[in-house]
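Below is one structure, written out as structure tokens, with a few remarks after it.
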Amino acid sequence: MKSLFIVFILTLLAFPVAYADIYKYVDENGVICYTDTPFGKKANKVLKDTTSTPISAEQTINNGELNSIVHEKAEIYNIDPSIIKAVIETESNWNSRAISNKGAMGLMQLMPSTAIDMNVSNPFDPEENIEGGTKYLKYLLEKFNGDLILALAAYNAGPKAVEKYGYVPPYTETKQYVKKVLDRYNGSTNLSNGNNSAKRGSKNTPIYKIELNDGTVLFTNSSLFAKNPASF
């Protein structure tokens, strides 16, 4: 039987920043628990709070070790490192200590079940988290035939939701999430399908203009984002 994760969140913050040590222990039922308050349990400290100020995205991106991890995992799973960086920035703003109100953890905000499936034992360890998140993103890209937009939608809403609708689910959060990642990704490179197959300056790929329910206009090369996109 697979172990389960329990995340104790004592205070929910408006921003994904934490200022406490994080401990890991296994309870009497074999459940792996991550908490900032071990309640007298025999726990191992997996993350020590060494700063009183948030880690900025710029500070973390400039960290050579973290950047090397991203590029290493990108090469292993054949994914453009700029995609991974865009996901990390959108998910946690480069805060390896981030915990969402839904229990997602670390740089790439892995849900407990996803962390288990990707063999991540410590989601607050940057290398393990990036490894798991990149591996999961690769799985989603393969599942949706290399379509980056659908893979990102599935990363946010789950693959079953994307399979149900056949395109990006009509959830405001998911649509905004996909747009944010693509905006950040397009800030560093042309849109590709995640397998480095798109060529810079290609004239053969049609571009679609999509208007979301909230009036946001999105430009993409995937007609699957909406039922009736306008091509130009």
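Everything quoted here is computed from the prediction, not taken from an experiment.
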Can you tell if the side chain of [X] reaches within under 4.5 Å of the side chain of [Y], non-hydrogen atoms only?
{"X": "D80", "Y": "Y185", "result": "yes"}
{"X": "M105", "Y": "P112", "result": "yes"}
{"X": "I88", "Y": "I130", "result": "yes"}
{"X": "F144", "Y": "I149", "result": "no"}
{"X": "L107", "Y": "L66", "result": "yes"}

* **N145 and L150: CA distance, side-chain angles, deciding distance, side-chain contact (heavy atoms from CB on, under 4.5 Å) verdict** => CA-CA 9 Å; N145 301 314; L150 295 186; over 6 Å; no
* To do: Determine whether more than 12 heavy atoms belonging to other residues, nucleotides or ligands lie under 6.0 Å from atom NZ of K135.
  =>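 Counting neighbours around NZ of K135, more than 12 heavy atoms of other residues, nucleotides or ligands fall under 6.0 Å, so yes.
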For [X], which residues count as a side chain to side chain contact (heavy atoms under 4.5 Å, CB included) partner, sequence neighbours excluded?
{"X": "E131", "answer": "K73, Y77"}
{"X": "N156", "answer": "E173, T174, Y177"}
{"X": "E142", "answer": "K138"}

Distance (rounded to the nearest 0.5 Å) between [X] [atom1] and [Y] [atom2]:
{"X": "E89", "Y": "W94", "atom1": "CD", "atom2": "CH2", "result": "7.5 Å"}
{"X": "Y155", "Y": "L110", "atom1": "OH", "atom2": "CG", "result": "5.0 Å"}
{"X": "H71", "Y": "K85", "atom1": "NE2", "atom2": "NZ", "result": "3.5 Å"}

* **Minimum heavy-atom distance M111-G103, with the two atoms named** => SD-C, 4.2 Å
* Counterpart residues, ring-ring contact (aromatic ring centres under 6.0 Å, His included), relative to Y139 (two or more places apart) ->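 Per chain and number, Y139 pairs via ring-ring contact (aromatic ring centres under 6.0 Å, His included) with no residue.
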* To do: Could you pull out all residues at least two apart from T90 that satisfy side-chain hydrogen bond (donor to acceptor under 3.5 Å, both in side chains)?
  =>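 T90: side-chain hydrogen bond (donor to acceptor under 3.5 Å, both in side chains) contacts with R184.
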* Asked: Of the options I83, I69, I79, N129, which is the one that meets T134 in a side chain to side chain contact (heavy atoms under 4.5 Å, CB included)?
  ->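 The residue from I83, I69, I79, N129 that satisfies side chain to side chain contact (heavy atoms under 4.5 Å, CB included) with T134 turns out to be I79.
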* salt bridge (Lys or Arg N to Asp or Glu O under 4.0 Å): which pairs involve residues 155-171, sequence neighbours left out? -> K143-E163
